[in-house]
Amino acid sequence: MMKYREALMTQIHRQLEAWFDLPHEELYRFLHSLKGTSGTIGLTDLSQLSQTLLDKLEAMPPKKWQPAEWREFLLALITLCYEQRTEQDLLLDNPNHSRENCYESQPLVLILDDDVTLLMYVKEYLEKRNWSVIATVHPHKALDYFHDMNPDCLIVDLNIPETGGFQNMQTLGEKIRKQFVPTTVISVNSERETRLRAYRMGADDVMSKPLDMEVLAVRLERQLYRKRWVNRILFLDELTGAYNRNFLLDTYQRLLGDAMRADAPLSLAFLDIDHFKKVNDTYGHLVGDDVLSRFASFIQSSAAKNDILFRYGGEEFILLMPQTAVAEAKLRMQQMLDEFCTLTFESASGPFSLSFSAGVVQITDAEKPFPYWLEVADTSLYKAKSLGRCRIEEAVLSETDAAPQIKLKVAIIDDDPMIRTMLTESVKAGFEGWIHADIQEFRDGEIFFQGDWHRGPEPYLVILDGIMPMMDGLEVLQRIRALPNSKHFTVIMLTGRTEEHDIVRALQLGADDYMTKPFSPKELEARIKRLVKRMV
């Protein structure tokens, strides 16, 4: 019976791939045939779904279907077909599975190792244990990830040709200590002096290759437990002295309760240092850290006595302003902005100045959840940035007719139309209520590079299939990295390849992450969110 099911799945896949403009009669015949065949060979769910779609179709007037229309109409069918495929490219989540909803809460581990075979093995092993892993062979990318993504743990190999593991640890040393990022050094050199030097430079653990993976996982879990405990106890971001986001919700709920009892206003400001990424790229991360620290100190010293500052992530901060109406909050933020623009920061290239942007909102409905007010303030912040930065924007809650601004462009490049549909829906679900993105599908790399869509100033996320006809995914990646605006691109490579050479090339060419098929859309959503948060 299995061979008949596989044959039916292949037939469905080929039929959907061949359709473009779909006549009403052809779609009806397809569903009618599918209902009978799937029921006969025991695919009851597929048969019942076909009947449901037939009922809907019979209630519609005949029409010529556009691709977007029939894909939306058949999305449930496409999804169910992937559940039934024996060699599927996407794994659909079982709602009763113990890993449900765990992806966004996964700890993030960053690995820097030039041994790609080991890197791939450790990444796969930890991901199977519900860790999220970013892996790279490039020290400069590891430094960027470390600063932008705030990993929970760091694994670094001492044998890195470009710089050497000790030099990387020295570069990151102060940040590792201040932000308490547990660090494990791995090396083929197990000599006593090597271990002592690693510990003196801030390593929490040293392990010799070959690694015992179970021991590595246990040691990482112990380090993560300590990090969680410290974060809960301190509630402080040690780099800036502001509270960390772990303390944000509890503080908001306490201040909201106080405001309701006293019938007093409560406002929230979402702040973002303008062009901060350029600071890191131009002057280095140490100067960037100094900017963050001084910015937080400036806001705390300039704010009202009862205002409370939180570092939300990267260069983003939240200021809760109790007993403050939105007009006063905006005025106070404007005064801070004017003064902040007069400050100077030192670098090896000379002094420079900065500005910041902010969105402010007054909490007017206690029934609406805290994420709603964060989104409203963030939307106002983005409006301030789109109007030229260095400004404060007040949220207008009644403004419903304004079109949302594009914050991100997403390219899905895959020669399989069903995969493209699944990926598009997964991205849309992950961005819903969070970020407005321009999502485009491309069936091959040549089409992606046509026109000017890929040449804009916005950040780009590219989800790229590794194996495609005409232009291979690795070739597409190579051309992306040769673009003048290549720094705006973050690339996730999807590959069914198990050969080390292909993943090595993807990492060497600058892929920011890779996922080996089969994978779960929920896991992909979580990875996309981690990467996008450092982009926008």
Side-chain angles (χ1 to χ4, degrees), residues 103 106-173 175-176 179-189 194 198 201-224 227 285 490-493 495 498 500-516 519 523 526-527 530-531 534:
Y103 294 110
Q106 288 175 330
L108 176 64
V109 66
L110 171 61
I111 307 176
L112 171 61
D113 196 322
D114 71 317
D115 184 344
V116 182
T117 302
L118 180 66
L119 184 149
M120 293 163 52
Y121 181 72
V122 174
K123 177 179 168 70
E124 180 179 355
Y125 184 88
L126 293 178
E127 286 177 345
K128 286 182 179 178
R129 298 177 68 97
N130 294 349
W131 293 65
S132 184
V133 179
I134 293 291
T136 182
V137 297
H138 296 297
H140 69 276
K141 290 186 77 71
L143 296 178
D144 288 340
Y145 292 143
F146 190 89
H147 285 82
D148 295 340
M149 303 185 72
N150 299 315
D152 297 294
C153 293
L154 171 67
I155 299 176
V156 58
D157 181 24
L158 290 183
N159 184 31
I160 303 294
E162 289 185 42
T163 57
F166 282 128
Q167 183 175 334
N168 292 311
M169 287 192 62
Q170 186 174 11
T171 303
L172 294 171
K175 200 171 184 74
I176 288 173
Q179 297 192 217
F180 187 57
V181 180
T183 301
T184 296
V185 167
I186 56 177
S187 176
V188 293
N189 185 347
T194 299
M201 296 188 70
D204 297 274
D205 202 356
V206 180
M207 294 186 65
S208 299
K209 297 180 179 180
L211 298 172
D212 183 321
M213 294 305 300
E214 188 172 359
V215 172
L216 173 65
V218 170
R219 290 184 178 184
L220 290 176
E221 190 58 52
R222 289 180 59 193
Q223 293 177 10
L224 181 64
K227 179 176 175 60
H285 289 292
T490 296
V491 180
I492 301 178
M493 180 76 79
T495 177
T498 56
E500 174 185 327
H501 172 74
D502 297 313
I503 296 178
V504 170
R505 285 293 296 151
L507 292 172
Q508 289 174 339
L509 290 171
D512 295 275
D513 198 4
Y514 72 88
M515 294 186 69
T516 303
F519 58 87
E523 183 176 3
R527 293 199 186 196
R530 285 191 187 276
L531 290 171
R534 65 186 282 265

>> Going by the rule side-chain contact (heavy atoms from CB on, under 4.5 Å), which residues pair with A198 if we only count those two or more places apart in sequence or in a different chain?
In response: F166, V185, A203, V206
> Does D113 have any salt bridge (Lys or Arg N to Asp or Glu O under 4.0 Å) partners at least two apart in sequence or in another chain, and if so, which?
Replying inline: K209
> Among all residues two or more places apart in sequence or in another chain, which pass the side-chain hydrogen bond (donor to acceptor under 3.5 Å, both in side chains) test with Y125?
Replying inline: R129
> Ignoring hydrogens and geometry, is there a side-chain-to-backbone donor-acceptor pair from D512 to V491 under 3.5 Å?
Replying inline: yes
>> For F146, run the side-chain contact (heavy atoms from CB on, under 4.5 Å) check against I134, V181, V156 and tell me which one passes.
In response: V181
> Side chain of D204, backbone of T183: donor and acceptor closer than 3.5 Å?
Replying inline: yes
> What are the two closest heavy atoms between P151 and K227, and how far apart are they?
Replying inline: O-CE, 4.3 Å
> What residues form a side-chain hydrogen bond (donor to acceptor under 3.5 Å, both in side chains) with S187, not counting sequence neighbours?
Replying inline: none
> Sequence neighbours excluded, which residues qualify as side-chain hydrogen bond (donor to acceptor under 3.5 Å, both in side chains) partners of N189?
Replying inline: T194
> Measuring from I111:CD1 to M120:CE, what's the distance to the nearest 0.5 Å?
Replying inline: 12.0 Å
> Once you round to the nearest 0.5 Å, how far does CZ of R505 lie from CE of M493?
Replying inline: 10.0 Å
>> Holding to side-chain hydrogen bond (donor to acceptor under 3.5 Å, both in side chains), I want the full list of residues that pass it with E124, two or more places apart in sequence or in another chain.
In response: K128
>> Taking the side chain as everything from C-beta on, heavy atoms only, tell me whether M207 gets closer than 4.5 Å to V215.
In response: yes
> To the nearest 0.5 Å, what is the distance between CH2 (W131) and CG (L224)?
Replying inline: 5.0 Å
>> When you compare the side chain of L112 with that of T136, does any pair of heavy atoms fall below 4.5 Å?
In response: yes
>> Measuring from atom CG of D114 to atom CG of L158, what distance do you get when rounded to the nearest 0.5 angstrom?
In response: 11.0 Å
>> Do the side chains of K123 and D513 get close enough for a salt bridge, i.e. N-O under 4.0 angstrom?
In response: yes
>> What I'd like to find out is whether the side chain of L119 reaches to under 4.5 Å of the side chain of L507, using heavy atoms alone.
In response: yes
>> Whether the side chain of D152 engages the backbone of L108 through a donor-acceptor N/O pair (distance < 3.5 Å, no angle test) should be reported.
In response: yes
> Which heavy atom in P182 sits nearest to a heavy atom in Q223, and how many Å separate them?
Replying inline: CB-OE1, 3.2 Å
> Do the non-hydrogen side-chain atoms of I155 and L220 ever get within less than 4.5 Å of each other?
Replying inline: yes
> Hey, is the main chain of S132 close enough, under 3.5 Å, to the side chain of R527 for a donor-acceptor pair?
Replying inline: no
> Atom CG of L143 and atom NE2 of H138: how far apart are they, to the nearest 0.5 Å?
Replying inline: 12.5 Å
> When rounded to the nearest 0.5 angstrom, what distance separates CG in D144 from NE2 in H285?
Replying inline: 4.5 Å
>> Run L118 and I186 through side chain to side chain contact (heavy atoms under 4.5 Å, CB included) and show every step you take.
In response: CA-CA 11 Å; L118 180 66; I186 56 177; 4.2 Å; yes
